[in-house]
Amino acid sequence: MGSLKTEEKGEQDLKVSNEAIVYVNGVRRVLPDGLAHLTLLEYLRDIGLTGTKLGCGEGGCGACTVMVSYYDRNLRKCSHYAINACLAPLYSVEGMHVITVEGLGSCKRGLHPVQESLARTHGSQCGFCTPGFVMSMYALLRSSQTPPSEEQIEECLAGNLCRCTGYRPILDAFRVFAKTSNDLYTGVSSKNLEEGKSVCPSTGKPCSCNLNNVNDKCMGSDHSRYEPISYNEIDGTKYTEKELIFPPELFLRIPTSLNLTGFGGLMWYRPLTLQHVLDLKAKYDDAKLIVGNTEVGIEMRLKRMPFRVLISVMHVPELNVLDAKADGIEIGAAVRLSDLMNFLKKVVTERAAHETLSCKAFIEQLKWFAGTQIRNAASVGGNICTASPISDLNPLWMTSRAKFQIIDSKGNIRTVLAENFFLPGYRKVDLASGEILLSIFLPWNKTFEFVKEFKQSHRRDDDIAIVNAGFRVHLQEHGENWLVVDASIFYGGVAPYSLAATKTKEFLVGKVWDQDLLQNALKVLQKDILLKDNAPGGMIEFRKSLTLSFFFKFFLWVSHQMDSIKEGIPLSHLSAVHSVHRPPITGSQDYEILKRGTSVGSPEVHLSARLQVTGEAEYADDTQMPPNGLHAALVLSRKPHARIISIDDSEAISSPGFVGIFLAKDVPGHNKIGPVVDDEELFAVDHVTCVGQVIGIVVADTHENAKIAASKVDVNYEELPAILSIQDAINARSFHPNTEKRLSKGDVDHCFQSGLCDRIIEGEVLMGGQEHFYLEPQSSLIWTLDGGNEVHMISSTQAPQKHQKYVSHVLGLPMSKVVCKTKRIGGGFGGKETRSAFIAAAASVPSYLLNRPVKITLDRDVDMRITGQRHSFLGKYKVGFTNEGKVLAVDLEIYNNGGNSLDLSLAILERAMFHSDNVYEIPNMRIMGRVCFTNFPSHTAFRGFGGPQGMLITENWIQRIAVELKMSPEKIREINFQGEGSILHYGQQVQYSTLVPLWNELKLSCDFAKAREEVDQFNRHNRWRKRGIAMVPNKFGISFTTKLMNQAGALVQVYTDGTVLVTHGGVEMGQGLHTKVAQIAASAFNIPLSSVFISDTSTDKVPNASPTAASASSDMYGAAVLDACEQIMTRMKPIASQHNFNSFAELVLACYAERIDLSAHGFYITPDIGFDWVTGKGKPFRYFTYGAAFAEVEIDTLTGDFHTRVANVFLDLGYSLNPAIDVGQIEGAFVQGLGWVALEELKWGDAAHKWIPPGYLYTAGPGAYKIPSVNDVPFKFNVSLLKGHPNVKAIHSSKAVGEPPFFLASSVLFAIKDAIIAARAEMGCYEWFPLDSPATPERIRMACLDELTTSFVNSDFHPKLSV
């Protein structure tokens, strides 16, 4: 025990202020009292700075990233760092300078180099995530005295997610700021370019390519990079003269204590001395001490924990100590994790190597701890005292013999060993009433004392651990042996708290460090760490295997450090020790530029790119609320299947800010809705059929008050049996009505019975669903005009017409009185095709009845729980083939999980059936499909629309044939390729097939035979790491399979200044549709692209538009716009022929003078398509887009971790309308597809996951659901467009691109399987095995049989999957 002398309170701490000052983009703002409940993000958006986006509300996506700067009086310099504004309490930035994306540059003032580079390199598609990326990069530059390395740039983006681009162009854009050689380009403005050079619209790189040369291939060349103008300790690095400086007032201002309040009695304190903290803690024992609010913020917002007193301790000097002493390091509890990491890196360079092994373990673990923004805000003490059972750091504190200094309100200090601080039970620690954690002491390591960290998560970057560990062993030489004199083994993720493997430690001490110790220790460890079958988190077998794998790796790692022991380890086993070297991501984009007219074919930058990088691009939720506007929140079912007994709204009515609640009885028009059949209820009447079904809607004065009121509506249920999987549905014959579909070709039964088939195989393919994870959540703003005679809305939707239709239907208004507008959406991918409409319809009811504007924006967790996902599928196959590998007959049963309403599930099933041949000639084929009714939210469209699921079933049995015949899957594929003129199983004839040339070019590009040889060589020399390769082709049918949807309209208007306004029925969602359409109009009129403007999509301009989906929008709306342009040109032709006009504007004026109509409505219908399900024959598709991909992966067989080393993707896009945008679509689709096949797993409360409440989605947010991050992009990512194959069936000889590349990511899945085959061969296991998708680390690890897992799983074990 010790004590702290109570010093007199300093003058600055006696001075308590309730005036808070913050600078935002150089502007001084006084924050009034009463705002302690607000986050920085809410405040910024309330004052009109909407460039900072709300993507998830939990610090998991980075869309809300801003930079904060504050003056550190001790260091006498400024700190500049990125944080998540969605978690930062508003008052936490008092006395700081906050810079948002608007503070960097704008289209009017000029762009900052970071913004300019990102815009020019096609690094922004939908644009919603873009401001966050810009601010992360900007903060890195401002905080770096010298240009950052490429590795630092990739690390700084770990906390930012993008769903559109595939990250490669973003990294390319920011790499120009790195300290590398001159082989990277710059994005300097065009006026600074060398003579004869221009900015390539493809890459944003200065180049001398001649855009008039139709065969030009534009590739990057050597150029200098951006250089900072200056650097000083206050303002950091400057890249422009207009850089916002640190405000002098804040530099001179003396900090004061704060005592402020917030909504609901919330109190906010900011003490400046330790004694003040202790006094407050004594007064408010349940007060929460916060620094970055990264945990408390989530607990208050998402978990609704009612904390009433918050004490910000980030300015208390005693809690911010970082000091290297003779015996170790003292770390203040309020030290931010990023500061700790930087300090440890510095210490490692200054101390003897053996002393800092603990430091190195912390550095490595912190690298994978959350994202940069979280590390910049979160504190060491906060992470410790949260006592999370999956904390990455707590097992390391324990294993490193760290000591915690704990102080009480009287200044008494006691010291506790870290391993004794965490008490048995969930989040329990040894802190008595009034005590706080003061500091942590980390001792130096002794000679021959080894410390190592381990962690396995679903995704490497920014993810919580599945299992983590900290190991320490102290060895002492004893003759020719080394004895264990001390050891520590601690695990996270295996118990409700960080757990010590006590029996294993006791076993180790005193033993000789050798192979016998390893084998016996693994047996002890297996009994030491026990996991019950129903343990929360599931994955029991995987977690067991990780506890053993980590120790095995630790043993090899320690042995490798010791020369005398290292010799006894086979070289091939060292692959368990060596970490993967991840090089900077590189890529090539190979295409030819074939210009048609002024713009078509040119790789132009996205028209909104500059608006998006500056945060000026507006999305639905950015629309300013009118003064009398209300916010809405939904009342949702909490049961998967139940009868509603009663609804009690009494508590909600008395909730602050409440205005009204609306139920089924309040709907003015019809309560039954649906995109195809009206089988959904807008508001549930008597029954609910899924968790998340809408029961009613609450409106209030703020978004937060609406949510609070909605949560207070008490619904009583009588529970009913629920169907919670495809298999449940099959067993119960639970199918949506009239959804059984059949297709056939040849005579399958005769072929099986005739003896023609040398072999027949049967099996099943399971694949999980996928969350859309568009960065912009569902959002609509709805208002009435003329007392409700008209209703207008701005919505984030792919289908404004559906919003118009739904709202008119539920309000009982004619469609002509309802208008829906969409400027752009922040990603859709099918998730905003139908499932956005019921949300807008629900919000329209209170807006109409109250005659007040209503905005509804779903929180990320609600959005994911109620709007449906990609369908999970079950495929059952029977395939007959010859010994040479020729497929003769296929019999398929396909089931998809439709959820609780039909939505688009039948059309998705039909497309899966159409694509079930992929690219293979199958003489005899029979397919039966059914849509399962289950008690989940209705699943819906997602990029590929069932096609990928159908093709994945096919590729699974192709791969199985290869195993059965001991041939390569690529050979089996080639043997069975369809040829020109092939008749498909639904009667369509293959025309203009480019499959073979595409496949051959891909094979050549990757030198497949050499790649195979190199992989086999690697696998022979590495026991615990394996590589695999695969090549996968696909063909994707282009058209809506519902014929009536293949129509498009457009309105083109030419103005007297020669500019053109285009409005069409398609929605811009990042795919570059508006850019391509503008290029078509520009070429049609022979004018510059800058003369064409695309207006927002609106139902009062172009009626009855089909959803922007099916990859067909550029084909259809491009053709409709061309039709309108040609009409106008035809009218202008007589005038043009009379005179030689100098410009288009002159011609337009002359036509105007002659009273010629300069406006036209264009229309297009896709010709020569149609399908009859009665006969099962027809021509559902206008043409096919062909593609093929090669992938090489490397897996860690002990943990299931994997990297994609190479991805080569080839697509036939005819003569591309815009090759740069098309390449962006290919890269984005591939990485999204990689998520589907290998990362993204939906976990529902079902029989496979009994630890989740029935029917609930557990993976509802970026915390639990992991889409690919920067770290998941292939090391080498090459994209090529096939040259010389125009498409005669679409506009300007182009082809559709949005969906076809998605499935090509299955090459990664089959490369993973190829690597697993090599791992299983080590155990003498050569038979075929199923690998369900997604092939997460769990599935990879459990498929890799080895000595560690054989005791608790057999060779055919495969983990549970929600299907």
Side-chain angles (χ1 to χ4, degrees), residues 725-730 743 760-770 870-881 887 889-898 908-909 911-920 922 925-932 939 942 944-964 969 972-973 976 985 1030 1032-1034 1233 1236-1238 1240-1242 1248 1302-1314 1316-1317 1327-1336 1338-1340 1342-1343 1356-1363:
S725 70
I726 289 177
Q727 196 57 55
D728 282 355
I730 294 171
L743 290 173
I760 296 173
I761 55 172
E762 294 186 61
E764 292 187 354
V765 181
L766 289 170
M767 63 198 81
Q770 183 184 24
R870 181 187 298 279
H871 291 68
S872 54
F873 267 67
L874 166 63
K876 299 184 178 185
Y877 62 80
K878 181 179 180 183
V879 181
F881 53 96
V887 177
V890 174
D891 195 2
L892 277 179
E893 290 180 30
I894 300 178
Y895 302 88
N896 71 357
N897 188 332
I908 288 163
L909 177 76
R911 186 173 275 268
M913 295 170 70
F914 286 138
H915 285 72
S916 287
D917 60 345
N918 195 5
V919 296
Y920 306 117
I922 305 169
M925 195 169 188
R926 179 170 61 207
I927 312 172
M928 187 279 291
R930 299 292 296 266
V931 179
C932 298
H939 294 307
F942 198 148
F945 205 75
Q949 292 98 316
M951 291 186 283
L952 190 58
I953 294 169
T954 303
E955 293 300 334
N956 266 278
W957 56 253
I958 284 281
Q959 194 270 340
R960 184 170 178 184
I961 291 172
V963 173
E964 297 283 339
I972 301 296
R973 292 180 175 112
N976 291 284
H985 59 287
V1032 175
N1034 81 329
W1236 175 56
V1237 299
E1240 302 175 38
E1241 182 171 6
L1242 294 164
F1302 178 89
F1303 178 71
L1304 295 178
S1306 67
S1307 58
V1308 174
L1309 173 68
F1310 290 106
I1312 289 171
K1313 193 164 188 180
D1314 186 49
I1316 296 171
I1317 288 170
E1327 71 271 14
W1328 177 85
F1329 62 95
L1331 180 65
D1332 300 334
S1333 62
T1336 56
E1338 177 190 15
R1339 290 187 179 81
I1340 295 171
M1342 300 318 294
D1356 61 355
F1357 171 82
H1358 57 280
K1360 296 169 181 174
L1361 178 67
S1362 289
V1363 174

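Scope of the values below: all heavy atoms of this structure, side chains included, with no hydrogens, waters or symmetry mates. Treat the numbers as computed from the prediction; the structure is a model and nothing was measured.
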For this session: Check step by step if side-chain contact (heavy atoms from CB on, under 4.5 Å) holds for H985 and I922.
Result: CA-CA 8 Å; H985 59 287; I922 305 169; over 6 Å; no
Of all the heavy-atom pairs spanning [X] and [Y], show the shortest one and how long it is.
X: Q770; Y: F1302; result: OE1-CZ, 3.5 Å
X: L1361; Y: P1334; result: CD1-CD, 4.1 Å
X: S1307; Y: A1030; result: O-CB, 3.5 Å
X: V919; Y: N1034; result: CG1-C, 3.6 Å
X: E1327; Y: V963; result: C-CG1, 4.3 Å
X: V890; Y: L892; result: CG1-CG, 3.7 Å

I'd like to know if the side chain of [X] and the backbone of [Y] have a donor-acceptor N/O pair within less than 3.5 Å.
X: K1313; Y: F1329; value: yes
X: T954; Y: S916; value: yes
X: N956; Y: L952; value: yes
X: Q949; Y: H871; value: yes

Exercise. Is R1339 salt-bridged to E1241, going by a charged N under 4.0 Å from an acidic O?
Worked result: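 Here R1339 pairs with E1241 in a salt bridge, since their nearest N and O are under 4.0 Å apart.
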Report the residues that fulfil side chain to side chain donor-acceptor pair (under 3.5 Å) with [X], sequence neighbours left out, ordered by chain and then residue number.
X: N918; result: E955
X: R960; result: Y877
X: Q727; result: N731
X: R930; result: E740

Problem set entry | Residues forming a side chain to side chain contact (heavy atoms under 4.5 Å, CB included) with E764, sequence neighbours excluded |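 E764 satisfies side chain to side chain contact (heavy atoms under 4.5 Å, CB included) with L874, K876 only.
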Problem set entry | For A729, all residues meeting side chain to side chain contact (heavy atoms under 4.5 Å, CB included), sequence neighbours excluded |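 Residues passing side chain to side chain contact (heavy atoms under 4.5 Å, CB included) with A729: I723, S734, C932, T934.
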Problem set entry | side-chain contact (heavy atoms from CB on, under 4.5 Å) assessment of S1362 paired with L1242 | CA-CA 7 Å; S1362 289; L1242 294 164; 5.6 Å; no
For this session: Please say whether the positively charged group of R911, taken as NZ for Lys or CZ for Arg, lies over the ring of F1303, i.e. under 6.0 angstrom from the six-membered ring centre and within 45 degrees of the axis.
Result: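 The answer is no, since R911 fails at least one limit relative to F1303.
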Nearest 0.5 Å, please: how far is [atom2] in [Y] from [atom1] in [X]?
X: S1333; Y: F873; atom1: OG; atom2: CZ; result: 11.5 Å
X: I961; Y: W1328; atom1: CD1; atom2: CH2; result: 11.5 Å
X: M951; Y: F914; atom1: CE; atom2: CZ; result: 14.0 Å
X: H1358; Y: E1338; atom1: NE2; atom2: CD; result: 11.0 Å
X: L766; Y: L1331; atom1: CG; atom2: CG; result: 11.0 Å
X: I1312; Y: L1309; atom1: CD1; atom2: CG; result: 6.0 Å

Problem set entry | side-chain contact (heavy atoms from CB on, under 4.5 Å) between V1363 and N897, intermediate numbers included | CA-CA 7 Å; V1363 174; N897 188 332; over 6 Å; no
Exercise. N976 versus F881: any side-chain heavy-atom pair under 4.5 Å?
Worked result: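 The answer is no; the side chains never approach within 4.5 Å.
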Problem set entry | Close side-chain approach of M928 and Y895, heavy atoms under 4.5 Å |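 M928 reaches Y895 side chain to side chain.
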Problem set entry | Stepwise side-chain contact (heavy atoms from CB on, under 4.5 Å) check, I972 with Q959 | CA-CA 8 Å; I972 301 296; Q959 194 270 340; over 6 Å; no
Exercise. Taking the six-membered ring for Trp, are W1236 and F942 ring centroids under 6.0 Å apart?
Worked result: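 Here the rings of F942 and W1236 have centres that are no less than 6.0 Å from each other.
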